[in-house]
Novice: 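I am attaching a structure below and will ask some questions about it afterwards.
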Amino acid sequence: MRIYLSSTLKDLGPEREAVRKALEGHYTVVESYTADERSLRKSCLEDVAGCKVYIGIIGRRYGFIPPGQSFSITELEYQRAREYELPTFIFIKDDGAILSLFHDGINNENPPDRIESFRQRVNNGTEEAVRPRIFKTPEDLTKEVMSALLHYSDRHAVIPPKRITGRPYPGLRAFLTIESDRFFGRDEEIEALTERLIVRSARFLAVIGPSGSGKSSLVYAGLIPALKENAITGNVSWIPVSFSPRELGDDPFQPLAAALSKSFPDQNWRVPDLTQRLRTHPADIATVASDALGQAGAAVQLLLFVDQFEEVFASKVDEGTCSNFFKLLTAAVECPLVRVVVAMRSDFYDQWPQDETCIALLRSGHFPVAVPGPAALEKMITGPAHAAGLTISPRLVQRILDDTGSGPGALALVEFALSLLYDKKEKEKDSDALTETAYTAMGGVAGAINGLAEQAVTQAEEALRQDAQVLDDEAISRLFLAIASVEQRDNEAGGALAVVRRRAVKGDLPGATLILAQQLVDKRILVSREGSNGQPAVYEVGHEAVFSNWERFKDWYARYAADLALRRQAEQAARDWDKDHRSVLKWDWERQSPAIEALRKLNQLALPVPDADFTDSGIAAWRAVEPQLSESLRHFLTPLTPEPLALCDELNTDNTPHHRRVEIGLRLNQMGDPRRGVGLREDGLPDIMWIDIPAGEVTLDTESREHFKVFPFRLSRYPVTWRQYHAFLGAEDGYSNPAWWKDYPRWEGCLEGEEPGPPLWYFANYPVINVSWYGALAYCRWLSVKLQLPIRLPAEWEWQWAAVGSTQQDYPWGEWNGQRTNSTEAGIGRTVAVGLYPLGCRPLGKDIWVDDMAGNVWEWCLNKYAVLKDCQLSGSEARVLRGGSWSNDPVTVRAPVRSHYHPVNRNHYVGFRVLCEFSIE
């Protein structure tokens, strides 16, 4: 492009030369001439008419007036530029920088009023391009000229864009360089970045802004295309090389080497070799750049763009690698062939190296980027739509803006919602309109928010799973508690609640919660903010719309509000209890347990380790929350221990009568007996509490006094309960599955359509009865498959070894004590819940024993009665029973006593327990 450069010569020679050199290589510069060189008027004015842009530099000298003319050559050139309506740029030297304000007065060439009149004339220009700019030095003038040309080029010299094809909105990812034709709303930032690189000759730029501010898109689709295509760059070529530090692993030098190798294939660089070279000798980046660009010199610039620069500070990038990478950046900036641009989240400011060189680098190139405001967001919505030939109503635009707001994260939510809207239009292909109806149907931004958030949860789960960790409800709840405060707007009980956004301190979030928070930041649901002045880094939601549109959060909020209500109820009940001198009935466990769990969550206490003896989480929660409760609330909920523990404590004494044990068993059953080994697991399968039984030797009380070696095994602590057996009865592949009855007599069980035995004394925590030996075997087969364990009935020597070991004593506890078993002496006359006689056990170690080995129910054993070593599953010979039952006297419930029963028979005093063949590990 031809530019006409006009000025007086004697007073503005240095300024004129500085501008001419700055424009060389970019433009063809046409200059005016002195009177003795050419026929001025005709020649100069023809030259002006043949140019595309006019630049006038004015000081305090009016200049030469040709013979027969009323105006100087300088003013005539200006008049011709206006006559031809050329883009006109005027630069006036500041009076304070001029030694002689009226230069013509030195030789009386022209009176001072001539130059004053001309300066006044150009000062009154009304068009933007004509408005003069003031300068003091040649350097100032050069910057002003370049800035003015860049500014004008951006606004007036852009070729009308062609209609774009393909997707107008990128969704969650950043815009690509080839998508600059659909990148709208960032004109000012693009112009400012380009000016910094070209006009100010900046070597380094750090584009820094909060998450969701569009930093990567600004460089990829804004700056790089502007450098490559803008008219101001003229004959200078820009070669961008872009990468992210951890896109190929934990070594930032590897993706850099890969990007260089791809951009300059003629160099035949091997990526591993170049990686090692740059890592070991970072200053070699200058040589690498020189080799890549060849002999092009200043006509070519290598633009090194490091996207997601914060990845350099990742914990997996070792300190030495990070240090060397900054050395490479410093060397690159010092190389005249290279410019460096990085895009970094502002919350990583505190990670930037604090040595003098790195701080100077950041200070020199710091370019803050703000989150786009409503006006910019509107352009980002409408611009791509119109460029793609789509229509979008102002009403829909406003609705999207209302839904997203203009805070951090809004940009990503807008782009994602629009991307979904475009996908819907493409699928239906019914028009070229992005409609409000379709927006409503897809759930609007609310649907986008929920989808984004759930993607973050899924990715966090996957990341944690790779490290053998779990993202549980507790970790998610801790994050919600950190980013949202649920507040009561008044002090009245039951007053309205409101969610208030709060900042979560990064350092306070535990591992799994922090991983989730980081994933949510990547999805723009959360925004991370840097710490400053000693303040820690924090996370917060990008917009309050997250609270009302993320279904998972809404569910949590409903539960949290319920927890608050429970706390208020408990506190009020405790006050009433104190007020009435503790005469009011306290809550039972069914009300205590959820209140305790609510208090634990509200106090942000971690989920405690499950209790070894109880499945009810409320018991472990009580131990965690008790120290934090007020005295009144603590005593109201329970004076000593939770009810299940208090009931079990009652069982641990011979002073508790039998009828009270029956009541305790029924009460435990009423509250869903929380003891482990009595009920079911969360997946609905029997919860068997296995007790490790060591190896040993035992002699049976038979005529021949058979002696057996016993190998280690595991035995269920309790006999199988009704609840555990009912899981077998009710399962689709349970009792009615012929596979469990294979090779058994056809007249047994369901093979002949028989129903299971009658459910007598059918309480969930009572031992199952009316089960034949074959029925017990079928249960073992089913449970073996379900638990993937080798499960069977115990042989009688294994049973006796677990009951009394090698002691040869009559009872597991030693001498007879009628308070330690449910026999005829108890006077109950039926079965009772399992485990009601903990003192009636043989201790196998600290807090380890097998319950109910004497009384309550006889237990099926695996072997035959007549041929006791025969454990074959076929045949109809009688099988051994051990342990006695509720209907037997003290003599019969002795451990050595052997009894028998036909394997097809059922009885209301016969049950069983199970054995696992796995030995002690």
Side-chain angles (χ1 to χ4, degrees), residues 3-24 27 29-38 40-41 44-45 47-48 51 53-67 69-82 86-152 195 199-201:
I3 290 182
Y4 193 87
L5 181 61
S6 173
S7 75
T8 53
L9 301 177
K10 295 179 180 179
D11 57 334
L12 296 173
E15 288 83 352
R16 186 186 186 93
E17 179 65 14
V19 172
R20 187 184 61 78
K21 287 184 177 180
L23 295 178
E24 280 184 353
Y27 301 96
V29 181
V30 180
E31 302 183 69
S32 57
Y33 305 90
T34 59
D36 59 354
E37 290 178 346
R38 295 184 57 179
L40 321 159
R41 181 169 178 270
C44 293
L45 298 185
D47 287 343
V48 172
C51 290
V53 172
Y54 170 88
I55 293 177
I57 309 171
I58 300 175
R60 277 293 179 178
R61 182 172 183 271
Y62 183 62
F64 174 73
I65 301 175
Q69 295 294 319
S70 301
F71 302 100
S72 69
I73 290 295
T74 304
E75 188 165 2
L76 287 171
E77 291 169 343
Y78 171 76
Q79 290 175 352
R80 179 56 59 93
R82 304 312 302 140
L86 297 183
T88 301
F89 298 90
I90 300 297
F91 303 90
I92 298 179
K93 190 167 184 178
D94 186 273
D95 283 347
I98 299 176
L99 296 178
S100 177
L101 291 181
F102 298 99
H103 192 281
D104 288 358
I106 297 176
N107 54 17
N108 296 315
E109 184 177 1
N110 291 299
D113 61 342
R114 298 302 299 269
I115 184 62
E116 188 64 36
S117 175
F118 181 38
R119 285 167 63 105
Q120 189 64 35
R121 181 181 180 190
V122 297
N123 260 320
N124 292 332
T126 57
E127 295 184 24
E128 179 184 357
V130 181
R131 294 170 191 166
R133 303 188 184 196
I134 308 300
F135 70 93
K136 292 184 177 181
T137 66
E139 292 75 20
D140 291 341
L141 175 61
T142 299
K143 292 181 180 179
E144 290 292 342
V145 169
M146 299 299 286
S147 177
L149 288 174
L150 176 64
H151 183 82
Y152 176 80
E195 182 181 17
V199 177
R200 304 186 192 180
S201 299

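In this text the structure is predicted, and so the values were computed from the model without any measurement.
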Novice: Could I get the full list of side-chain hydrogen bond (donor to acceptor under 3.5 Å, both in side chains) partners for Ser147, not counting sequence neighbours?
Specialist: Glu195
Novice: Applying salt bridge (Lys or Arg N to Asp or Glu O under 4.0 Å), can you list everything that pairs with Glu15, at least two apart in sequence or on another chain?
Specialist: Lys93
Novice: Considering only heavy atoms from C-beta outward, does the side chain of Phe135 approach that of Ile57 to under 4.5 Å?
Specialist: yes
Novice: Return the CZ to CG distance between Arg119 and Asp95, rounded to the nearest 0.5 Å.
Specialist: 5.0 Å
Novice: Please identify each residue that fulfils salt bridge (Lys or Arg N to Asp or Glu O under 4.0 Å) with Arg200, with sequence neighbours left out.
Specialist: none
Novice: Sequence neighbours left out, what passes side-chain hydrogen bond (donor to acceptor under 3.5 Å, both in side chains) with Thr137? Give chain and number order.
Specialist: Glu139, Asp140
Novice: Using the ring of each side chain (for Trp, its six-membered ring), is Tyr54 parallel, tilted or perpendicular to Tyr4, with breaks at 30° and 60°?
Specialist: parallel
Novice: Quick check: closest heavy atoms across Arg61 and Asp11, and the distance to 0.1 Å?
Specialist: CB-OD2, 3.3 Å
Novice: How many angstroms lie between atom SG of Cys51 and atom CD of Glu77, to the nearest 0.5 angstrom?
Specialist: 10.0 Å
Novice: Who pairs with Ser201 by side-chain contact (heavy atoms from CB on, under 4.5 Å), at least two apart in sequence or on another chain?
Specialist: none
Novice: Return the minimal non-hydrogen interatomic distance between Pro132 and Val122, and the atom names on each side.
Specialist: CD-O, 3.8 Å
Novice: Look only at the side chain of Arg16 and the backbone of Leu5, and say whether a donor-acceptor pair between them is shorter than 3.5 Å.
Specialist: yes
Novice: With Gln79, which residues qualify under side-chain hydrogen bond (donor to acceptor under 3.5 Å, both in side chains), at least two apart?
Specialist: none
Novice: Can you give me the closest heavy-atom contact between Phe71 and Leu76, atom names plus distance?
Specialist: O-CD1, 3.8 Å
Novice: Do Phe89 and Val145 make a side-chain contact, defined as non-hydrogen atoms from C-beta onward lying under 4.5 Å apart?
Specialist: no
Novice: Can you name the side-chain contact (heavy atoms from CB on, under 4.5 Å) partners of Ser72, sequence neighbours left out?
Specialist: Tyr62, Ile65, Thr74, Glu75
Novice: How far apart are the closest heavy atoms of Ala18 and Thr142, and which atoms are they?
Specialist: CB-OG1, 3.7 Å
Novice: Could you tell me which non-hydrogen atom of Ile115 sits nearest to which non-hydrogen atom of Pro112, and how far apart they are?
Specialist: CG2-O, 3.2 Å
Novice: Counting C-beta onward and ignoring hydrogens, is there a side-chain heavy-atom pair between Phe64 and Thr8 closer than 4.5 Å?
Specialist: no
